[in-house]
Amino acid sequence: MFGGDSARGYAEMQEDISSYEADLAAVEKEIRLSFDAVHSLEGDSRVEKLRHIASHLYHAKQLLQTLRLEVAETADAKAQWQGSLAQHTATLQRFDSLLPALQNDERWQDMLGGGELAADTLTPAQLIQHAAQVQEQSVESLTRSKRMVSGARETGAFTADQLRRQTEQMQRVDGNVKDMNFHFDAAKAQISNITKQLETDKCFLALIFLIIMGIVVIIIYKAFNPNSKLNMPKGFQSPVEYQ
């Protein structure tokens, strides 16, 4: 262990730093080869190569940042790796300034008609005229885009209004369903009450029927057996008893 170092061993940290530095050097080499190849490319191949360079340059910057952090954690390694860090920083800065220049050149070639016209073969008047044509086309394209955006906004507003109307309709339907459920429950309760009342009435009618039948039986019995000792209410005595 060394005084200002982290808990990891010094040899292990040196190995990690060397690994990051080797990865960074490999990415820088790939970027350098891509820069050499991009000059011989045209059209989509050139655009794709520039995107490839931008992606690798971003990766290289991340590796450089990681390398700086690893070196900062190892106090005794700062002096050893300081020169290498400065060299990598300068290399990436040079790449970073070269890439926009190539990208701008690509845009300029697009303005000249996708590489069909060469800037060095046109007079200033022709360049201005062609640039004006491209600008006019761009304005027309922008106008079409604005119309499309406007149409999309109108469609969105119409869709939102329809959704609002449908939501209100669904809320009304839901309210109607709730009212129907309430009335259904009330009707069900009324039917239950009526059913109970009918059952009570049936019992009462059955009792009355039994009483009447009993009285009829007694009257018939007395009519056929006048000498019987069966006591009957005064109002139900046969006419023979009153004579």
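The basis for the numbers below is simple: all heavy atoms, side chains too, and nothing from hydrogens, waters or symmetry mates. Small disclaimer: the values here were computed from a predicted structure and weren't measured. Just so you know, residue 1 is the first one in the sequence shown, and it goes up from there.
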Exceeds 12 heavy-atom contacts within 6.0 angstrom, atom CZ of R153:
no
_Atom CD of Q62 with >12 non-hydrogen neighbours under 6.0 angstrom_ = yes
message: Under a 4.0 Å threshold between the charged nitrogen and the carboxylate oxygen, would K188 count as salt-bridged to D185?
response: no
Is there a path of hydrophobic side-chain contacts, each under 4.5 Å between heavy atoms of I, L, V, M, F, W or Y residues, that connects L24 with L69? no
In this structure, CD of Q65 is separated from CD of E70 (nearest 0.5 Å) by 11.5 Å
Query raised in the report: Hey, is R32 close enough to D36 for a salt bridge, meaning N to O under 4.0 Å?
Result: no
Between E21 and H88, is there a side-chain donor-acceptor contact under 3.5 Å, judged purely by atom types and distance? yes
Please lay out, stage by stage, how L207 and I211 fare under the test side chain to side chain contact (heavy atoms under 4.5 Å, CB included). CA-CA 6 Å; L207 180 62; I211 293 173; 4.3 Å; yes
| task | Evaluate side chain to side chain contact (heavy atoms under 4.5 Å, CB included) for L210 paired with M213, printing each intermediate quantity in order. | result | CA-CA 5 Å; L210 291 175; M213 290 300 295; 5.7 Å; no
Taken to the nearest 0.5 Å, the spacing of D23 CG from T66 OG1 works out to 10.0 Å
Requested in this report: Start with the C-alpha distance between K49 and S45, add both sets of side-chain angles, then the distance that settles side chain to side chain contact (heavy atoms under 4.5 Å, CB included), and finish with yes or no.
Outcome: CA-CA 6 Å; K49 180 61 70 174; S45 299; over 6 Å; no
Practice prompt. Verify whether one side chain among S40 and R46 offers a donor that lies under 3.5 Å from an acceptor in the other.
Written response: no
Query raised in the report: Can you find a pair of side-chain heavy atoms, one from F35 and one from E30, that are under 4.5 Å apart?
Result: no
Quick one: does T91's side chain have a donor or acceptor within less than 3.5 Å of a partner on Q87's backbone?
-> yes
ask   = Hey, is the main chain of R94 close enough, under 3.5 Å, to the side chain of S97 for a donor-acceptor pair?
value = yes
Distance col, row H52:NE2 vs L50:CG, nearest 0.5 angstrom, shows 11.0 Å
Taking the side chain as every heavy atom from C-beta outward, state whether F184 and M180 have any atom pair closer than 4.5 Å.
no
In this structure, CG of L67 is separated from CG of L85 (nearest 0.5 Å) by 5.0 Å
Closer than 3.5 angstrom, by distance alone: can the side chain of T167 be matched with the main-chain N or O of L163 as a donor-acceptor pair? yes
Requested in this report: Return yes if some donor-acceptor pair links the side-chain N/O of D174 with the main-chain N/O of M170 below 3.5 Å, else return no.
Outcome: no
- Task: Count the heavy atoms of every other residue, nucleotide or ligand shown that sit under 6.0 Å from CD of Q162, and state whether that count exceeds 12.
- Result: yes
Query raised in the report: Are any non-hydrogen side-chain atoms of D96 and K61 less than 4.5 angstrom apart?
Result: yes
For residues I215 and I219, determine if any side-chain heavy atom of one lies less than 4.5 Å from a side-chain heavy atom of the other. yes
*Side chain proximity check, K178 to F182, heavy atoms < 4.5 angstrom*: no
**Asked** Can you list the steps and then say if F95 with I53 is a side chain to side chain contact (heavy atoms under 4.5 Å, CB included)?
**Response** CA-CA 9 Å; F95 290 161; I53 293 174; over 6 Å; no
To the nearest 0.5 Å, atom OG of S34 lies from atom CD of E48 at 11.0 Å
Rounded to the nearest 0.5 angstrom, the CG-CD distance for L64 and E28 is 8.0 Å
